[in-house]
Every structure is written in structure tokens, then in C-alpha cells.
Engineer: 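The structure follows.
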Number of protein chains: 2
Amino acid sequence: MFTLSKKNHLPLYIQLKEWIAERVDTGEWKPGMQLPSERVLCDDLNISRITVRQAISELVTEGRLYRVHGRGTFVSDQKIQQGLNRLTGFTQDIKARGQEPSARVLDLQLTDAPTAVIHALKLKANTPAIRLQRLRLADGEPLAVETAWLNDKLCHPLLDLDLENHSLYQLLSEKFNIQPAYAEQRLQAVACPAPTARLLKIRKASPVLQIYRTTFAPNERPFEYVESFYRGDKYIFYVSLNHG
Amino acid sequence: MFTLSKKNHLPLYIQLKEWIAERVDTGEWKPGMQLPSERVLCDDLNISRITVRQAISELVTEGRLYRVHGRGTFVSDQKIQQGLNRLTGFTQDIKARGQEPSARVLDLQLTDAPTAVIHALKLKANTPAIRLQRLRLADGEPLAVETAWLNDKLCHPLLDLDLENHSLYQLLSEKFNIQPAYAEQRLQAVACPAPTARLLKIRKASPVLQIYRTTFAPNERPFEYVESFYRGDKYIFYVSLNHG
DNA sequence: GTGGTCATGTGGTCAGAACCAGTGCTGGCT
DNA sequence: AGCCAGCACTGGTTCTGACCACATGACCAC
């Protein structure tokens, strides 16, 4: 069926894993289909069961396969796979929803960071930070007010850039080589404060989704802390959860 | 240091995993601390290395430990940990927040399923389903109203069980061997409907977090659809996002 | 001091074997 | 016909043992 090359320095289980993944991706093995049993794979490929199990286990962890004790191993339904939980900025998020994102800059300055920001970005006390407040629109309608705090040391020249027509993440990536790798968010339903309500063109105290986000670079350093208010009537947050 | 009991039917690697997890949770082993090497653990506990590796590997996958080739295994920085995005029921969720969960059953019956439920659970039209509505409390205070729809075929005898004092997921697991594997959620900030507000003891139209969840079993069949209203002033939802 | 070598300790990969624990079919008994 | 025990499969757990790849520090030669 296929040969694993020992010469190739790649571990056998990785080679097997990629081989299986390819069958699944190309649709040669369709969702619900049963894989050859672990012992059959051992014999056919002339490798030990521990190797086969390691390859399959990783694919199970990734959600591409699932096992049923006593019955066998099967290809997962691809629809279920998590297209959710992806870290994107407002721009990408809204585009993914089929709408046209835009922005109006309300404030952009270097100023003293409040303690919540100091803590989130792991700054020293009394350090200034960049405060960027924008009204975010989807298809021209106000959807959210977003206040981002950025580490000044990492991206000072940001103050001169055009943040109405470009994605912040895109600029950070192109100009400063900062890519978001990971983010933690807190979501809460609150009554909209009056000033924010005026910007969003909703009645004050309307329900809004308040989102706090801390974004980390690949080296696990936080570079951004954002507080947003999303109109409750216009924005739905999607998330997927997996069994521990 | 500690003894693994063979009598206990739990697999050795699970016992070891829980033992390590406890050290980490209680803070006996602090973030950054190096664990005893795999071979040392083998000798001390008189088990094979493959067992030790399986226990550690799962904790690594969960983000509680990390390994460095050639140096050792270490306790992760807890803040980075994604104890987030774990699929749990209300009971586990509230316990994890350090509060005491409880429930009051408002409704439990077999009835016609609305189309949203038919669709989410992939039922045939005009199929009845189990409707379970509960007021959920944390430390005795109303926190959420939860309406769960369950596939009748999978868990009919549920109608006779004690759902005030037991976790639904625990019962599903013990009685019907149904384990949640994956869930998709939608979250939205809305104004609380009057009847729900009375149950939650808040003013009507207060902001609440409305959460829809579809829960899937390991075989990717949906078995539960839940609509919940969480008090906006008492509940914060945590989520982590990863770079695609 | 600087730079290379090597011993040692770490995790990473893999073989072969054994037994346990669910699932589902089959054949024999009632 | 219907039930149930047994068997042949599946994945789940665990062992012994081996070698590879990487990190580190001690040692030696320059």
C-alpha cells in the first residue's frame, strides 16, 4: 500500500500520520469510514503497534479520527472540525461573516496605562502605552467600540499609520513583524454606558457584549489588551468546546 | 512518595496523571519547576516508562506541563493554560470557579420539539424530545435558567432520575454511557425576558448572556441542545483563541 | 581564555509481546 | 423462534528493552 522510508529522517509515526491525513483530506477515506485495524496496519507496514497507535492518537486529538472501543477507528465528520476558535481581528472576523468592515478612529495617543493594562501587558508601573480607540462598523453600521492598548516599545511608530482603512493585525505583521499567536478573552453581558451607546446609536443601557482580550505573540509575550463593546442585537459570538 | 494501587480498577497512567495534576493544582509543584525525570519516576513508582510517558503526555496536551528535549519536563505557567475551552456542564463549570452548584427542576417532560431543536439534534420532523428546564444556582443564588433538549431515543429513562442533585452529564455518562465530546456554542447579549427575570431575581430587560449549545457524543451525533440565560452581572465567560 | 570533545542525563522513537475490556456475530441449546 | 454462551474481532493498558537526539557541564588541547 505504501512504504515508510527509514532513510527519511522523519519519525515513522509522523510519516504514517501524514499518510493517513492525506487520505482523509483528499476524500479517499470518507467521513464515517472505518480504518484498517491497528494490527492490520502493523502487519501491512511492518511496524510496531506502538507506532501505529501514536500516529492515530495524534489524529484523534486533532479531531480528524475517532476510536470506538471494541469496534474500530473511524474518519471524523469534517464539518464538526473547529473552524471556530480562530484568533482573528475585527476585520477578518467581519469579512468571514460576509460583511464589509470599516473603522473610525476616535482616539490615538501615547498615554499612561491604567493598572489593568499594566497587568495584562506585563509592563512596569507608570509606563505609557498606546491607546487606540475605534468605532468599528459592519456594512457601514456601527457594531462595536474597541479600545486597544498596545505595548509602546514594540510598536511606537504605529502613531503615524492609517488605522481607518487597514487591519491593525495586518499592520502589526507587516511593519513590526508581530503576529498574534494566542489570545485569552472574557465575555460578559452588560448594560451599555451612555457615551458608548451614543456612538453605537443604541439606547443607553441596551444589552451589549463586553469583551476583554489579551493577545500574545508566539514568544508568549502579551502585546495587546483590548476592551470592546459589541451591540447585543447585531453580534453573535461563536465558540467550540472540546472534551478535556 | 505515593503508591499506585493495582486493585483500583483505574489505569495506572490515569492514577499517575491525577497525582501529578494534584501537585500542580495545590501549588506543591510551582510553575517552571522541573519534574522528576521519566526514568526516576519509573524506578520510584515501579512502573514502566511507557506508562509514565502516557500520563505526562496527556498533561502536556492539556497544557499543564511542557517538555524540553534533553533538559526535562516542567510545570507550565498556569496563566497560559487553557483550562478554557473545556467542555463541561454547569456543575463542573461552577465548581471550577470555586462555587457550589445546585439546581431546581422547573420542567421535565417528553414533548414535541421545536424546529430549532429538530435541526440541531438532527431528528425527524414531529419527533418528541425530552425537555428539561432547570434554574441553576451558584452558592444558593440564581445564576442561570437552562432549557435542555435531549434525544428521547438515547435517554428516555432520564424522566425518572434526580436532576436536582446530580450533574446531567454525570447521569448521562453513568446510566447511558453517553459522554460529551464536543460542543458548539453561540453567545449573545440580550435583554432578559420577564418570566426568566423573575426566576433569576433580576429586573426585566436586565442584560443577560444568552447561550445556545449543541453537544456531540464521540461518534459525532448531537445528543443535547441547550438554551441558557446567564445573569450578566454574575457570569463571565472565558475563552481562548489560537492562531489558525 | 577559547574552542572542541566526551560523558551523562534528559526526552523521543520504536520493537515485540502479553493481557484486559468492549462489540458483535454465530452456533447451539431450549 | 428465541435466547445465550462462546468466539473472534476491535481498541486499551502495560511490560522489558533498546537506540536516537538534544542539552549541559567537565575536561582537555590550543
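Just so it is clear: chains get the letters A, B, ... in the order the sequence lines come, proteins before strands, and each one is counted from 1.
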Engineer: By nearest nucleotide on DNA chain C, pick out whichever of A:Gly70 and A:Gln54 is the more 5' one.
Structural biologist: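 Nearest nucleotide further toward 5': that of A:Gln54.
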Engineer: Could a donor-acceptor pair under 3.5 angstrom be found where the side chain of B:Arg53 meets the base of C:dG11?
Structural biologist: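 No.
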Engineer: Just wondering, do B:Thr215 and B:Tyr169 contact through their side chains at under 4.5 Å, heavy atoms?
Structural biologist: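 SC-SC contact between B:Tyr169 and B:Thr215 confirmed.
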Engineer: Which is more 5' along DNA chain D, the nucleotide nearest B:Arg39 or the one nearest B:Thr51? Just name the residue.
Structural biologist: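 Going by which nucleotide is closer to the 5' end, it is B:Thr51.
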Engineer: Nearest to the side chain of A:Tyr13, which nucleotide is it out of D:dC15, D:dT10, C:dC14?
Structural biologist: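 Ranking D:dC15, D:dT10, C:dC14 by closest atom to the A:Tyr13 side chain puts C:dC14 first.
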Engineer: From C-beta outward on B:Leu12, which listed nucleotide comes closest to its side chain: D:dC15, D:dG11, C:dC14?
Structural biologist: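 Selected nucleotide: D:dC15.
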Engineer: Pick base, sugar-phosphate or nothing for A:Ser37, based on heavy-atom distances below 4.0 Å to the nucleic acid.
Structural biologist: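 Here A:Ser37 touches the backbone only, sparing every base.
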Engineer: Ignoring hydrogens and geometry, is there a side-chain-to-backbone donor-acceptor pair from B:Thr51 to B:Ile47 under 3.5 Å?
Structural biologist: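 Not at all, since once roles are kept as given, no pair shorter than 3.5 Å links the two residues.
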Engineer: So which nucleotide from C:dA15, D:dT13, D:dG11 ends up closest to the side chain of B:Pro11?
Structural biologist: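 That would be D:dT13.
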Engineer: Looking at the side chain of B:Arg67, which of D:dG12, C:dA15, C:dG12 is the nearest nucleotide?
Structural biologist: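 It is C:dG12.
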Engineer: Does any donor-acceptor pair link the side chain of A:His69 with the base of C:dG22 at a separation under 3.5 Å?
Structural biologist: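 Side chain to base: no pair present.
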Engineer: Any heavy-atom pair between the side chains of B:Leu41 and B:Ile56 that's under 4.5 Å?
Structural biologist: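 They are in contact (side-chain heavy atoms under 4.5 Å apart), so the answer is yes.
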Engineer: Name all residues meeting the side-chain hydrogen bond (donor to acceptor under 3.5 Å, both in side chains) criterion together with A:Glu58; count only those two or more places apart in sequence or in a different chain, and write none if there are none.
Structural biologist: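 Per chain and number, A:Glu58 pairs via side-chain hydrogen bond (donor to acceptor under 3.5 Å, both in side chains) with A:Lys17.
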Engineer: Any donor-acceptor pair under 3.5 Å between the side chain of B:Arg49 and the base of C:dG12?
Structural biologist: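 A donor-acceptor contact between them is present.
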Engineer: Can you tell me which nucleotide in D:dT24, D:dT14, D:dG12 comes closest to the side chain of B:Arg71?
Structural biologist: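 It is D:dT24.
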